[in-house]
Structures are given as structure tokens and as C-alpha cells.
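Inspection log for the structure reproduced underneath, given as C-alpha cells.
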2 protein chains.
Amino acid sequence: MPTEGISVASDSVATDTPKRPRRRRGSINADDILDAAFSLAAETSLDSLTMPSLAAHLKVGVTSIYWYFRSKEYLLDAMTDRALERYSIGIPFISAASWDRSLREHARTMRRLFREDPVLCDLVIMRTTTYGASSNQVVMERFEAVLTTLIEVGFRPKDALDIYFSLAMHTRGLAMLERRQDMDREAGIQTPEMVDRDKLPTLTKLMKQGHTIGFVEEDTFEYGLDCFIEHAQKTLQKTQQAAITRRERRKK
Amino acid sequence: MPTEGISVASDSVATDTPKRPRRRRGSINADDILDAAFSLAAETSLDSLTMPSLAAHLKVGVTSIYWYFRSKEYLLDAMTDRALERYSIGIPFISAASWDRSLREHARTMRRLFREDPVLCDLVIMRTTTYGASSNQVVMERFEAVLTTLIEVGFRPKDALDIYFSLAMHTRGLAMLERRQDMDREAGIQTPEMVDRDKLPTLTKLMKQGHTIGFVEEDTFEYGLDCFIEHAQKTLQKTQQAAITRRERRKK
DNA sequence: ACCTGAACACCGTTCAAGT
DNA sequence: ACCTGAACACCGTTCAAGT
């Protein structure tokens with residue numbers, strides 16, 4: 001009496017589909033699923049992460065995932081949350097002593113982390129609306145720390161908010177653009193030819209000089225940083241000057 | 001001999017599906033399809049524009065669309081092209097006399113057009129990589145005109161590129177964020193509560209003062225414009241000063 | 001409590017026709 | 001030359017079971 005015969009319908013005939021055995025209870029959990037989702041997305045891309053492919057990667061029935069995440073959206077939310085947290089931790093704090101230099105370094109690190117990890121990029125940039133409106137405690141605490149330092153340096157709260165928001169958006173916007181470019185390049189799409197070069201003398205000339213029209217150049221990121229940081233420095237000077245004037249007027 | 005009986009299988013029984021009659025040849029064309037696609041997307045959203053829904057809107061068989069656009073991607077490309085062209089035309093040129101003021105107005109119009117038209121926003125921001133790398137002649141000519149004017153004003157070509165690129169990205173990045181916020185709001189998602197307010201004293205205080213942490217405020221856009229335009233003004237001064245110095249040195 | 005396959009609605013696309 | 005339905009592969013999700 002062969003006990004192997006218990007299984008449902010895999011009879012004597014050559015089973016072309018190897019018929020994965022049923023997993024025992026507790027053999028998967030939410031964290032395993034997230035791990036698998038990240039590793040699979042890293043292998044291919046976030047776009048090609050589907051519930052069936054994830055299930056196959058995990059060697060689980062597709063529907064099993066639904067016991068841990070009620071929909072794909074919830075799964076992606078959980079992935080975003082994890083990605084956002086690890087990303088935040090990797091970004092340095094601001095020092096009050098040299099706020100401008102360290103704010104620059106802060107932004108550069110943000111940029112580097114995005115560029116290094118396409119999945120992070122897709123999750124954070126394509127899915128989250130804003131930098132600060134996260135329900136993630138770690139992200140908020142980092143944000144809080146930066147703002148507090150800037151205010152401590154002497155910025156008015158509103159200015160600190162504007163500065164940080166602009167910087168973050170510049171970084172994210174650029175990362176998004178570069179991510180798209182990479183994707184296009186992978187897909188084999190090349191720069192479209194200009195239809196009528198005769199009408200575009202300036203652009204044609206610039207391209208001959210080696211400029212990649214419409215594409216992100218290496219120093220574009222730093223250019224934006226310059227704009228924001230220099231403006232911030234000027235704002236700080238004004239604010240401090242105003243404070244001094246106010247104090248002196250009170251003396252009299 | 002009833003000639004009506006020719007049709008395939010719509011017999012005597014109450015046809016619950018009204019069985020749209022076959023369209024005659026030449027009754028649709030690429031432009032009609034694009035019109036319908038835009039009107040349908042405007043009614044709902046670009047995301048919910050599917051080939052079946054578009055066909056129904058046009059009262060055509062789904063596969064008929066494929067005679068004019070070989071895939072949905074090609075259809076979206078055509079839509080993007082049209083949207084981009086109309087959008088470009090709506091944006092004012094730069095005047096050399098008051099380049100800073102008109103560059104500001106230029107960016108403000110870009111922003112307004114995006115905000116007014118969610119479909120344009122989704123097509124242009126979510127689908128195109130960069131501002132200048134378009135194969136669209138009109139878009140390129142506008143870009144050319146702005147650059148030419150800035151160079152005429154006295155900017156070095158590279159500076160003109162950086163300025164315009166930064167400005168465009170700021171505008172697009174903000175438009176994207178605001179678009180997402182609107183979508184979230186429509187979907188009934190509210191600002192997530194901060195998990196542990198005790199650890200976020202600065203943020204809590206700012207929120208009490210009416211700041212919407214992490215969300216775009218009305219003047220954020222103008223703040224970025226200030227940064228970029230002021231930086232540009234300074235750059236121009238330096239460039240012109242350098243040119244004067246060079247000329248005077250040559251005199252001696 | 002956890003895992004599963006069958007089944008459903010829906011989408012993009014192909015193909016072999018009809019007119 | 002243009003329009004069409006049947007059919008396919010694939011996806012996200014539900015449900016009624018299995019263990």
C-alpha cells in the first residue's frame with residue numbers, strides 16, 4: 001500500500017509540470033514575501049514584478065500571498081515603507097557648524113542611493129507623493145532632525161521648509177529623469193533625431209559642442225544645489241541681520 | 001426572403017447586447033481615435049483609458065484601433081506628441097529686454113497648463129523623459145527660441161541650458177507632486193497621522209502653525225523660481241563683467 | 001490558522017476572416 | 001483597404017475548499 005499515492009492527481013503519467021508539493025503551515029511569512037519581492041524586482045524590475053511571478057519565486061501558490069497582503073497595492077506599500085526606511089538611514093544628518101556643506105553632502109547621498117538602487121527609485125519616486133508626508137517614523141525623524149538643525153542655525157521655519165523641499169525635489173526629479181533615461185537606453189531607444197535641423201541652429205551648434213540636449217548632464221545636479229544653497233546663504237544673512245537690527249533698536 | 005437574416009447569429013431571441021452594426025469603411029481615422037482617446041481620458045483619467053473602453057467610446061470593434069495604431073504604446077506616443085505640441089504653443093516666448101521677468105512668466109504658464117489639464121500632466125510628466133529630447137518639431141523650436149534669446153542676452157550657452165533645464169524640472173517636479181496629491185485626495189487618502197508626535201516636536205509645532213508638512217504649499221513654486229532666477233542674474237553679471245575686463249585688457 | 005487550485009473579470013494583442 | 005469577432009496569454013483577485 002504505497003503512501004505516496006495520497007497526492008491529488010499526479011498519476012503514473014510523466015508529470016510535465018513538476019507539481020510543487022504543498023508547503024507546510026508557517027513556512028512563509030510577510031517578511032519572506034517582502035524579501036523575495038525585493039530580490040525578484042532587483043533581478044528584473046519593479047514593473048515586471050507580478051503576483052504569479054512572485055509566487056513562483058517563493059514556490060508558493062499565488063493565492064497564498066493574499067493571506068499576508070490583501071492586495072498587490074498593500075504589498076507595494078510595504079515594500080515602499082521598507083525601502084524608504086533603509087534609504088533614510090543611509091542619509092547623513094546635517095551639522096549646525098557647516099550646514100551648507102553638510103546639506104550638500106546630504107543631497108548628494110540621496111542622489112547616490114537613488115542611482116545605485118533602481119528598485120528604490122521606482123518605489124519611492126514613482127509611488128510616494130512627498131518627502132515628508134510619510135507615515136514612516138524613521139523618515140519623519142530624519143526630516144525633523146534636518147529641520148531642527150536648520151532652525152538652530154538661524155533659519156526661519158518656513159525658510160527651512162522651503163530650502164529642504166526644493167533640494168529634495170530637485171534630487172528626486174533628476175533621479176526620476178535619469179532612471180527613465182536608463183530604462184529607455186535598456187529598451188534600446190535612442191535619442192530621436194531632430195526633424196528639421198535648419199530651423200534649430202542654436203541647438204545644432206550646442207550639440208556639436210558635445211552637449212546632450214534634453215538629457216541630464218553630470219553637473220546639472222550640482223548646478224541646482226548651487227542655486228538653492230546660495231539662495232539659502234543669502235536668506236540666512238538677511239534673517240540674522242534683521243535680528244541684529246531689531247535687538248539694537250530695542251536697546252535705544 | 002428576408003435580407004436582414006444575413007447577419008451572423010443575432011436570431012429572434014431578445015438580443016441583450018444591442019449588437020452595434022458594422023462600421024463602413026473609412027468611417028474612422030487616426031485623428032478620430034486620438035480625439036476620442038483625449039475626451040475619454042478627460043472624462044475619467046489616462047490610467048483608465050483601455051483599448052476596450054476606447055473602442056466602446058468610438059463604437060468600433062476593439063481590433064479596429066490596431067489598424068491605425070500598432071499597439072497601445074504607439075497610441076499613447078501619438079497622444080503625447082499632440083499634447084506636447086499644443087502645450088508648447090501655449091507657452092510664451094522670452095523677451096531679451098526683460099528676460100528674467102518673462103522667464104518667470106514662461107515657467108508660471110507651464111505650471112498653469114499642467115495644473116489645468118491632468119491628462120496633459122500624465123502624458124508629458126509621467127511618460128516623457130526630458131523636456132528637450134522630443135522628436136516634436138514645435139517643442140524643439142520653442143526650446144531653441146528660449147535658448148537663443150538667453151544667449152543673445154549674454155548668457156554662455158552652457159549656463160542657458162542649465163538655467164532652463166533647472167527651471168523646467170522644478171516646474172515639472174512640482175506639477176507631478178501636486179498631480180499625485182490630487183489623485184490621492186480623489187481616492188480619499190488623507191495625510192497619514194504621524195506615528196509618534198513626541199519625537200517630532202519641530203514638525204508638530206510647524207503643523208500647528210498651519211504648515212502642511214510634506215505637501216506642496218502655494219508659494220513653493222515661486223520660491224524655486226527665485227532661487228534659479230537670482231542665481232541666473234548673478235551669473236549674467238559675472239559673465240558680462242568678465243567680457244568687459246577681457247575687452248579692456250585687449251585695449252592696453 | 002494557513003495554504004491551495006479553480007474560476008472570474010479584465011486587459012493587450014494576434015489572426016484569420018469578412019466586406 | 002478597412003473593419004471584425006474569436007481566441008490567446010497574462011494579470012489581479014475571490015472563493016470555496018483542503019490540511
Side-chain angles (χ1 to χ4, degrees), chain A residues 3-11 15-33 36-37 40-41 44-79 127 187, chain B residues 3-11 15-33 36-37 40-41 44-79 127 187:
Chain A
T3 41
E4 33 139 354
I6 293 172
S7 75
V8 196
S10 60
D11 300 289
T15 46
D16 41 0
T17 29
K19 198 67 169 172
R20 167 184 53 76
R22 189 188 181 93
R23 307 264 309 220
R24 66 187 192 289
R25 269 213 263 153
S27 62
I28 44 166
N29 57 54
D31 251 10
D32 290 344
I33 295 174
L40 189 56
T44 56
S45 78
L46 191 67
D47 279 336
S48 58
L49 178 76
T50 69
M51 299 304 264
S53 72
L54 179 55
H57 195 71
L58 276 161
K59 284 166 187 155
V60 198
V62 202
T63 41
S64 302
I65 303 171
Y66 284 84
W67 207 88
Y68 296 93
F69 299 96
R70 77 170 76 175
S71 73
K72 191 182 182 183
E73 190 60 24
Y74 277 79
L75 174 67
L76 289 172
D77 283 345
M79 288 179 74
R127 295 191 81 259
Chain B
T3 41
E4 34 140 354
I6 294 173
S7 76
V8 196
S10 61
D11 299 287
T15 46
D16 42 0
T17 30
K19 197 69 171 169
R20 167 184 52 76
R22 188 189 180 93
R23 306 265 310 221
R24 65 186 194 290
R25 269 213 264 154
S27 61
I28 46 166
N29 57 52
D31 251 10
D32 290 346
I33 295 175
L40 190 55
T44 55
S45 77
L46 191 66
D47 279 336
S48 57
L49 177 75
T50 69
M51 298 305 264
S53 73
L54 179 56
H57 194 70
L58 276 162
K59 285 165 187 154
V60 199
V62 202
T63 43
S64 302
I65 303 170
Y66 283 85
W67 206 88
Y68 296 93
F69 299 96
R70 75 171 75 175
S71 73
K72 191 182 182 182
E73 190 61 24
Y74 277 79
L75 174 68
L76 289 173
D77 282 346
M79 289 179 74
R127 296 192 79 259

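Below, each value reflects all heavy atoms present in this structure, side chains not excepted, and no hydrogens, waters or symmetry copies.
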Which letter, B, S or -, goes with each nucleotide of nucleotides 8-18 of chain C from 5' to 3', with contact meaning a protein heavy atom under 4.0 Å?
---SSBBB--B
For A:R22, give me all partners under side chain to side chain contact (heavy atoms under 4.5 Å, CB included), at least two apart in sequence or on another chain.
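Once residues adjacent in sequence are excluded, A:R22 has no partner under the side chain to side chain contact (heavy atoms under 4.5 Å, CB included) criterion.
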Side chain to side chain contact (heavy atoms under 4.5 Å, CB included) against B:A30, all qualifying residues, sequence neighbours excluded:
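By the side chain to side chain contact (heavy atoms under 4.5 Å, CB included) rule, B:A30 matches B:Y68, B:F69.
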A:V60 side chain near A:I65 side chain, heavy-atom distance below 4.5 Å
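Of all side-chain heavy-atom pairs linking A:I65 with A:V60, none is under 4.5 Å.
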Do A:L58 and A:L40 touch side chain to side chain, with heavy atoms closer than 4.5 Å?
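Of all side-chain heavy-atom pairs linking A:L40 with A:L58, none is under 4.5 Å.
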Heavy-atom pair of closest approach, residues [X] and [Y]:
X: B:G61; Y: B:R20; answer: N-NH2, 3.2 Å
X: A:R23; Y: A:S27; answer: NH2-O, 2.9 Å
X: B:S48; Y: B:S53; answer: O-OG, 3.7 Å
X: A:I28; Y: A:D32; answer: CA-OD2, 3.9 Å
X: A:K72; Y: A:T50; answer: NZ-CA, 4.1 Å

So if I take residues 24-32 of chain A and measure heavy-atom distances to DNA chain C, which residues fall below 4.0 Å?
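Listed by number, they are A:R24, A:R25, A:G26, A:S27, A:I28.
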If the condition is side-chain hydrogen bond (donor to acceptor under 3.5 Å, both in side chains), which residues does B:S71 pass it with, not counting sequence neighbours?
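Not a single residue meets the side-chain hydrogen bond (donor to acceptor under 3.5 Å, both in side chains) criterion with B:S71.
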Is the distance from OP1 or OP2 of C:dC3 to the nearest side-chain N or O of A:Y68 less than 4.0 Å?
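Yes.
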Think A:R20 has a side-chain N or O under 4.0 angstrom from the OP1 or OP2 of C:dT4?
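Answer yes for this pair, as a side-chain N or O of A:R20 is under 4.0 Å from OP1 or OP2.
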Using a 3.5 Å cut-off on both pairing distances, which stems of three or more Watson-Crick or G-U pairs include DNA chain D?
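The stems that DNA chain D takes part in, listed by first number, are C:4-8 with D:12-16, C:12-16 with D:4-8.
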